[in-house]
Amino acid sequence: MGCSALSTKQERRFPDDFLFGTATAAYQIEGGWNADDKGESIWDHLTHNNPTVIKDLSNGDITADTYNNYKRDVEMMRELGLDAYRFSLSWSRILPNGLTNKVSEAGFAFYNNYIDEMVKYGITPMVTLYHWDLPQKLQDLGGLANPLFPEWYEDYARVVFEQFGDRVKHWITFNEPREICYEGYDAGRNAPQVNATGIGSYLCAKNLVMAHARAYHAYKNDFAPSQGGVCGITICVNWVAPLTDSEEDRFEAELSRQGQWGLYAEPIFSEEGGFPKELSERVAQRSIEQGYPRSRMPEFTDEEKAFVKGAADFFGVNHYTTFLISATEKFSEHAFSDFETENHYLDEWPKSASDWLNLAPNSVLNALTHLKEKYNNPVIYITENGWSTRHDAGLIDDDRIRYYRAALENVLDALDAGVNLKGYMAWSLMDNFEWFAGYTERFGLYEVDFEDPARTRTPKKSAFVYKQIIKKRVIDHEYEPSSMTMTIDEGH
Ligand code: BGC
């Protein structure tokens, strides 16, 4: 009786065919770093040779040990009632030397088993080919700064499409180009820690975009006709807004957007093709002032532009937070940096365990509507979105629940606004190796006991809330799990 008053309020529903999932990445969950004939990756290399760069001196040698626990992972997907699961392949597990002269049967077997287990229970695999773990042998040759990189990447992609494409219909070529190129080949932060400020990221950007387009065309020409899947790229699109309404701040925020994601999105998704205009102009002008004979940013030939333009079936968006940009406050030590400015946050935004991650209002909605307008309403999947808590925060993660509910309300707002959004992957299925933070920051819906050799996984409160949203296709802000015992519902 008491409910009848409430039921007059229209409940907003997620479409039945909207894909709800979770995401992970190979180096962060697999372990088995040298199992069978797996080759070394740049993250194995960095953490083994320079362990003090990781906050708790840890590494991904074993991490959640998915290499041995993959069946439990799929069981968790079934417990949650997931429609889809996004994970990445370790290139050097499949091609130990990075090149196709040697393939690993053990690597094929591991991924075949993982995929088969998902498919058996009706879970759609969404596969990322590259989530930061380049084979070290290719890095020895310059990695993504080598102009041959697009060729090596296409060769790898073909092996993968051939091997797994009968069951995998959603392909993502790269995860987060900015974090690969800017952090890895420019600022010297991410592996391979190349410090080539103002040069490395642009070389890498062009090679990455060309590699993506080569893999995309290989797929569309030679595999999609028989396999019938789609291929896109995942770019980190945090919302970047001006700190004040001044023209200078607005311009700097636009430049920051161009540097953070436009550099990779524009050549593929814009009408014009090529690198973003204002950023290209700024880099060209600064390069001359700095005494270079030409711009530090390479150009695309007309032929290359045409090859890359439109080369994606969807835009994968990783979204976490909002940054506010000011024209006057810049990192002084980044004098060469053409776009990175100090990121501001408002004090009232709730803080996570990660210093860069805050809960800003309408963050997801602002990013998605911007992409809709800018790139002619592309098909979008949110391929990551999530919240960190401290390693000792326990299972009652109400702040993560608040974050997910806010983000998913924004997903509904975006659908209402006509954004062509087809799915949402929560980061992450379980706690894992959080790069430089090691195991000190946790993003999982399931807690993993890293002290336990069995790497036991236990659902957090957020897992029950996410499960309920997926099942009911609505966000019930009042819902509280009646117990912390997880079961698999019928049909999963
Ligand atoms: C990356 C993940 C990472 C997450 C949280 C994303 O940028 O793709 O690998 O764990 O952010 O930091």
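Both ligands and their constituent atoms are indexed starting at 1 by order of listing.
- Contacts between Trp356 and ligand 1, counted as non-hydrogen atom pairs separated by less than 4.0 Å, involve the side chain only.
- The closest non-hydrogen atom to atom 7 (O) of ligand 1, taken over Glu434, Glu176, Gln28, comes from Glu176.
- In terms of protein heavy-atom proximity, atom 4 (C) of ligand 1 is nearest to Tyr320 OH, 3.3 Å.
- Relative ring orientation between Phe18 and Phe14 is described as tilted, the plane-to-plane angle lying within the 30° to 60° band.
- Proximity of Lys461 to Ile401: side-chain heavy atoms (C-beta onward) are separated by under 4.5 Å at one or more points.
- If you look at Glu179 next to ligand 1, there are no close heavy atoms at all, none under 4.0 Å.
- Ring centers of Tyr320 and Trp427: at least 6.0 Å apart, outside the cut-off.
- No part of Leu357 comes within 4.0 Å of ligand 1, judged by heavy-atom distances.
- Using bins of under 30°, 30° to 60° and over 60° for the plane-to-plane angle, the ring pair Phe149/Trp152 lands in the perpendicular bin.
- Each of the atoms 8 (O) of ligand 1 lies under 4.0 Å from some heavy atom of Asn175.
- The protein heavy atom nearest to atom 2 (C) of ligand 1 is Glu384 OE1, 3.5 Å.
- Not counting sequence neighbours, the partners of Cys181 by the disulfide bond (SG atoms under 2.5 Å apart) test are Cys204.
- Residue contact annotation: Trp387 has no non-hydrogen atom under 4.0 Å from ligand 1.
- Interface atoms of ligand 1 facing His131, defined by a heavy-atom separation under 4.0 Å, are 1 (C), 2 (C), 8 (O), 9 (O).
- By the ring pair (Phe, Tyr, Trp, His ring centres under 6.0 Å) test, Phe223 pairs with Phe161, sequence neighbours left out.
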Handout entry: Asn318 vs Asn175, side-chain hydrogen bond (donor to acceptor under 3.5 Å, both in side chains): CA-CA, chis, key distance, verdict
Key = CA-CA 9 Å; Asn318 285 357; Asn175 179 72; 2.9 Å; yes
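- Contact between Glu441 and ligand 1 is absent, with no heavy atom of the residue lying under 4.0 Å from the ligand.
- Judged purely by atom type and a 3.5 angstrom limit, Arg178 has no side-chain atom pairing as donor or acceptor with the backbone of Ile235.
- Between Trp132 and ligand 1, no pair of N/O atoms sits closer than 3.5 Å.
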